[in-house]
Peer 1: 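A single structure is presented below for examination.
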Number of protein chains: 2
Amino acid sequence: MKMILILNKKVMSLEFNRFRDHIKTLGLRLTPQRVLIFEVFLQTEGHFSVEKLFQKASDLDPQIGIATVYRTMKLLTACSLAREFIMPNGSILFEKSSTQEQHDHLVCEVCGKIIEFEHPKIRQYQEEVAQSRGFSIYYHRLTLIGICEDCKK
Amino acid sequence: MKMILILNKKVMSLEFNRFRDHIKTLGLRLTPQRVLIFEVFLQTEGHFSVEKLFQKASDLDPQIGIATVYRTMKLLTACSLAREFIMPNGSILFEKSSTQEQHDHLVCEVCGKIIEFEHPKIRQYQEEVAQSRGFSIYYHRLTLIGICEDCKK
DNA sequence: TTTAAAATGAGAATCATTTTCATTATTATA
DNA sequence: TATAATAATGAAAATGATTCTCATTTTAAA
Ligand SMILES: [Mn+2]
Ligand SMILES: [Mn+2]
Ligand SMILES: [Zn+2]
Ligand SMILES: [Zn+2]
């Protein structure tokens, strides 16, 4: 597929530079497919599946393969533009991580609503626990599963 | 398969009563296979896979089916004798939960070591966060992923 | 006993993800 | 530019953990 890339302001962003640098650093190539998937990723809000991204990317390029979406999400995750979020049922969603600050999630078991939160004290105690065991934390996973306000009614 | 069940002291435990009561409450039956899997489960320490339990159960009864192990672990989890633990790579392990108090995990990304911890303050702040959003927590998942003391050397 | 319901094990099905591989695209070099 | 080396792609197959199906067996109750 021959495709002329028109890099607009949106694409020439911090995020795009990070993505491009990551790819170049690994000696990989910035292909039209990767740029397309990157753009679709950036334009998607909230928490979404690979399948969702694949659908949106397919609308723009019906030739795109889902394997390429998986491969690109690995790259985006590796350079911290994307973060994985595991739902209580085990399904894997992605979200953008560059612009947002780190956060954890409340998930309603009834309606599936996802609420984000950030609690510095929890972070701090996690660090204390780790230090007390001689452990250094690379990352953590915290999800609170329950029922939301609306669903209680 | 006809099998005479010899219920020793170990089996006539609080755990066994809980398991039997749960089964009876649901109108289900206490079969030899379920008792066998229950015993294997009770005799297994640490964090272990369904496959591991299946292997141990197969040694005692080569006829046992892995589907029955999965089904029985569902029952043991439902009555809170077993807890699921999701490793950073997504694989699912079980552990006994009746005798131990609730705890969370540190996982070493290098050697796979699992360290358990309990931090009341973290619990407390989780509750506060939930309350502030009108949310009621049913359960939570917290795992800290990093590198352990030994692997730092 | 007889009967109805539940449980079992084997194997098929599922389903998200990964892998394979032949083909195509990109990049570096001459 | 032509050539060569390497990387990337998409289609399809493979994977692997879990669930489902179903014929058969077991259990508990009447
Ligand atoms: Mn989020
Ligand atoms: Mn544990
Ligand atoms: Zn809800
Ligand atoms: Zn270690």
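Residue numbers start from 1 in every chain, and the chains themselves are labelled A, B, ... in the order their sequence lines are given, proteins ahead of strands. Quantities reported herein were computed from a predicted structural model and do not represent experimental measurements.
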Peer 1: So that I can tick it off, tell me whether A:Glu118 and A:Arg123 are bridged by a salt bridge, with the cut-off set at under 4.0 angstrom between side-chain N and carboxylate O.
Peer 2: yes
Peer 1: Using whole Å, report how far CG of A:Leu30 lies from P of C:dA25.
Peer 2: 17 Å
Peer 1: Would you say B:Thr31 places a side-chain N or O within less than 4.0 Å of OP1 or OP2 belonging to C:dT8?
Peer 2: yes
Peer 1: Would you mind reading off the distance between A:Arg34 atom CZ and C:dT27 atom P, rounded to a whole angstrom?
Peer 2: 11 Å
Peer 1: Considering only residues two or more places apart or on different chains, which pairs with a residue in residues 131-140 of chain A satisfy salt bridge (Lys or Arg N to Asp or Glu O under 4.0 Å)?
Peer 2: none
Peer 1: Look at the side chain of A:Leu28 and decide which nucleotide, out of D:dA7, D:dT27, C:dT26, has an atom nearest to it.
Peer 2: D:dA7
Peer 1: Can you list the residues that meet the side-chain contact (heavy atoms from CB on, under 4.5 Å) rule with A:Tyr70, with sequence neighbours excluded?
Peer 2: A:Val50, A:Ile66
Peer 1: Do the ring planes of B:His105 and B:His47 sit parallel (below 30°), tilted (30 to 60°) or perpendicular (above 60°)?
Peer 2: perpendicular
Peer 1: Please report the distance, rounded to the nearest Å, between CG in B:Leu26 and C1' in D:dA28.
Peer 2: 16 Å
Peer 1: Residues of residues 65-76 of chain B with any non-hydrogen atom less than 4.0 angstrom from an atom of DNA chain C: list those, numerically ordered, please.
Peer 2: B:Gly65, B:Thr68, B:Arg71
Peer 1: Round to a whole Å and report the spacing from CD of A:Gln33 to P of D:dT9.
Peer 2: 5 Å
Peer 1: Quick one: B:Asn89 CG to D:dG16 P, roughly how many Å, whole number?
Peer 2: 13 Å
Peer 1: Taking side-chain contact (heavy atoms from CB on, under 4.5 Å) as the test, write out the residues that go with A:Leu26, two or more places apart.
Peer 2: A:His22, A:Leu28, A:Leu75
Peer 1: Between C1' on C:dA25 and CD1 on A:Ile64, what's the gap in Å once rounded to a whole number?
Peer 2: 14 Å
Peer 1: Considering heavy-atom distances to DNA chain C, does A:Arg29 or B:Gly27 have its closest nucleotide positioned more toward the 5' end?
Peer 2: B:Gly27
Peer 1: Within this structure, what is the CG-to-P distance between B:Asp61 and C:dG9, rounded to whole angstrom?
Peer 2: 7 Å
Peer 1: Look at the side chain of B:Gln63 and decide which nucleotide, out of D:dA8, C:dA6, C:dA10, has an atom nearest to it.
Peer 2: C:dA10
Peer 1: In this structure, how many angstroms lie between the P atom of D:dT18 and the CZ atom of B:Phe94, rounded?
Peer 2: 8 Å
Peer 1: Going by salt bridge (Lys or Arg N to Asp or Glu O under 4.0 Å), name the pairs with one or both residues in residues 74-83 of chain A, residues two or more places apart or in two chains.
Peer 2: A:Arg83-A:Glu95
Peer 1: Kindly write out the residues that satisfy side-chain contact (heavy atoms from CB on, under 4.5 Å) with B:Lys113, not counting sequence neighbours, or none if the list is empty.
Peer 2: B:Cys108, B:Cys111, B:Ile115, B:Cys148, B:Asp150
